[in-house]
Novice: 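Let me begin by handing over the structure; questions about it come next.
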Amino acid sequence: MKKTWNIASIELENPVVLAPMAGYTDSPYRRICRRFGAGLVYSDLISSLGICFNNEKTMHMLEFDPEERPVNLQLFGAIPEKMAIASKVVEKKGFEMLDINMGCPAPKITKNGCGGALLKDPMKIKDILQAVVESVAIPVTVKIRIGYSRDHINCEEVAQIAQEAGVKAIAVHGSTVEQGSKGKKNWDAIKAVKQCVDIPVIANGGVKSIKDFFAIQQYTNADAVMIGRAVIGRPWFFKLVDRALDGEEPELLDREKVNPDVLFQTIYDHFDLQLEYYGDELLAVREMRKHLHGYFHGQPESCRIRDQVNKVKNKKEMLTLLRNYQNTFF
Ligand SMILES: Cc1cc2nc3c(=O)[nH]c(=O)nc-3n(C[C@H](O)[C@H](O)[C@H](O)COP(=O)(O)O)c2cc1C
């Protein structure tokens, strides 16, 4: 597989992409993933209306560090004019590309016609994408699912609309909106999208191992592969894929266990970045808890340590807990 690839004129150093994951892919975690070699990182989905209304929390989500570059900022919304205004703000903030969410199944998003609900309305998709593409000079990408439901698989139609509107890459999650994150992923539909457009296609859904990474890429012929849940608490997975792309044996890499020094250094670095980014100990601790659940998955007495992590209230307690755990078991 070719290592470098492009979205418009932006060259990406490898075809391994961090999926947008609300509540996880904030600036600190994107920095960690880039340090481990993710070729491209996406932000959480961010409300176009929140940007238009200058909502404080939303605007903080637009703060990022140059270390994350290239970073793709994901917007959601259903009103073309508001999406265009928000896109201009994103461009001004310095993001090198901008993604439109057309797959989120959460009712609080779909009930307003946003996210996955858009897949039921291809004309609306066209209006939104045209409005956004016309309003900015940076490349616009879109992330879709294969369709709204099993009886409504329309990813090829949507991909063609996106391409005609001037979208520069499309990520396809091989599930329907109704399916959520459960069930078998439909790689045939991703493959069909790849065959019907000329823009780069990013395959997504169900990659848990390096073997899966190559399987989905080879089956769909996608230009890149996006990984979500498998990198929560496991950002070094990007490095392993990168090594496999350089020729190391996937099966051996899949068996490689993380070195405890790397595990703890990553956790301390991640927590430091959370403290710096949020500027509030309790908030940083809260954000860190869910990541620690991931980091401690499969580690000794992980249930007990996760319970304790949930009770921690400040930086000092967190660092004491982490050091005691490290000294006891590693
Ligand atoms: C906790 C969580 C939050 C997510 N948030 C978003 C989001 O903000 N935007 C989006 O397009 N997809 C979101 N997704 C979907 C992922 O980007 C990805 O498409 C999905 O998890 C399938 O990939 P995976 O099997 O590698 O996890 C989210 C998934 C998870 C698990």
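For reference, positions follow the sequence shown, starting with 1. Small disclaimer: the values here were computed from a predicted structure and weren't measured. For ligands, and for the atoms within them, numbers begin at 1 and follow the listed sequence. Computed from heavy atoms alone, side chains included, the values below leave out hydrogens, waters and symmetry copies.
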Novice: In the structure I gave you, are the side-chain heavy atoms of Tyr148 and Thr176 within less than 4.5 Å of one another anywhere?
Specialist: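 The answer is no; the side chains never approach within 4.5 Å.
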
Novice: Atoms of ligand 1 less than 4.0 Å from Ile227 heavy atoms?
Specialist: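 Under 4.0 Å from Ile227, ligand 1 has these atoms: 26 (O).
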
Novice: Would you kindly check if the NZ (Lys) or CZ (Arg) of Lys290 is within the cone defined by 45 degrees around the ring axis of Tyr24 and under 6.0 Å from the six-membered ring centre?
Specialist: yes

Novice: Before signing off on this row, confirm whether Asn101 and ligand 1 have an N or O atom pair separated by under 3.5 Å.
Specialist: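 Looking only at distances, the answer is yes, because the N/O contact criterion of under 3.5 Å is met.
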
Novice: Pick whichever of Ala19, Pro20, Gly115 has a heavy atom sitting closest to atom 7 (C) of ligand 1.
Specialist: Pro20

Novice: If you count the atoms of ligand 1 from 1 in the order shown, which ones are under 4.0 Å from a heavy atom of Gly228?
Specialist: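 Reading through ligand 1 atom by atom, the close ones are 24 (P), 26 (O), 27 (O).
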
Novice: Measure from atom 23 (O) of ligand 1 to every heavy atom in Asn204, Ile144, Ile109, Val142 and give the option owning the shortest one.
Specialist: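 The residue whose heavy atom sits nearest atom 23 (O) of ligand 1 is Asn204.
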
Novice: Hey, could you give me the OG/CG distance between Ser302 and Leu292, rounded to the nearest 0.5 Å?
Specialist: 12.0 Å

Novice: Parallel, tilted or perpendicular: which describes the rings of Tyr325 and Phe296, with under 30° parallel and over 60° perpendicular?
Specialist: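 Because their plane-to-plane angle is over 60°, the rings of Tyr325 and Phe296 count as perpendicular.
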
Novice: Under 3.5 Å between any N/O of Gln74 and any N/O of ligand 1: does that happen in this structure?
Specialist: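 Indeed, backbone or side chain, Gln74 has an N or O that close.
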
Novice: Looking only at distances, please establish whether an N/O atom of ligand 1 is found under 3.5 Å from an N/O atom of Lys185.
Specialist: no

Novice: Can you name the atoms of ligand 1, numbered from 1 with element, that are less than 4.0 Å from a heavy atom of Leu45?
Specialist: 8 (O)

Novice: For Ser181, is the nearest heavy atom under 4.0 Å from an atom of ligand 1?
Specialist: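 In this structure, Ser181 fails to qualify as a contact of ligand 1 - no heavy atom is under 4.0 Å.
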
Novice: Do Lys168 and Thr141 pair up side chain to side chain, a donor and an acceptor below 3.5 Å, judged on atom types alone?
Specialist: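 Thr141 and Lys168 do not have a side-chain donor-acceptor pair below 3.5 Å.
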
Novice: Under 4.0 Å from a heavy atom of Gly206: which atoms of ligand 1 are those, numbered in the order shown and with their elements?
Specialist: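 The list of qualifying atoms is 24 (P), 25 (O).
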
Novice: So is there a nitrogen or oxygen of Ala22 less than 3.5 Å from a nitrogen or oxygen in ligand 1?
Specialist: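 Such a contact does occur with ligand 1.
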
Novice: Kindly confirm or rule out an N or O of Val207 lying under 3.5 angstrom from an N or O of ligand 1.
Specialist: no

Novice: Is it the case that one hydrophobic cluster holds both Val158 and Leu45, taking links as side-chain heavy atoms less than 4.5 Å apart, direct or via other members?
Specialist: no

Novice: Is Asp44 in polar range of ligand 1, meaning some N or O pair under 3.5 Å apart?
Specialist: no

Novice: Looking only at the side chains, is there a donor atom on one of Glu281 and Asn314 sitting less than 3.5 Å from an acceptor on the other?
Specialist: no

Novice: Got a sec, which pairs hit ring pair (Phe, Tyr, Trp, His ring centres under 6.0 Å) with one end in residues 234-271, sequence neighbours left out?
Specialist: Tyr29-His270, Phe264-Phe330, His270-His291, His270-Tyr295

Novice: Taking NZ, NE, NH1 and NH2 as the nitrogens, is one of them in Arg243 or Glu256 under 4.0 Å from a carboxylate oxygen of the other?
Specialist: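 Here Arg243 pairs with Glu256 in a salt bridge, since their nearest N and O are under 4.0 Å apart.
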
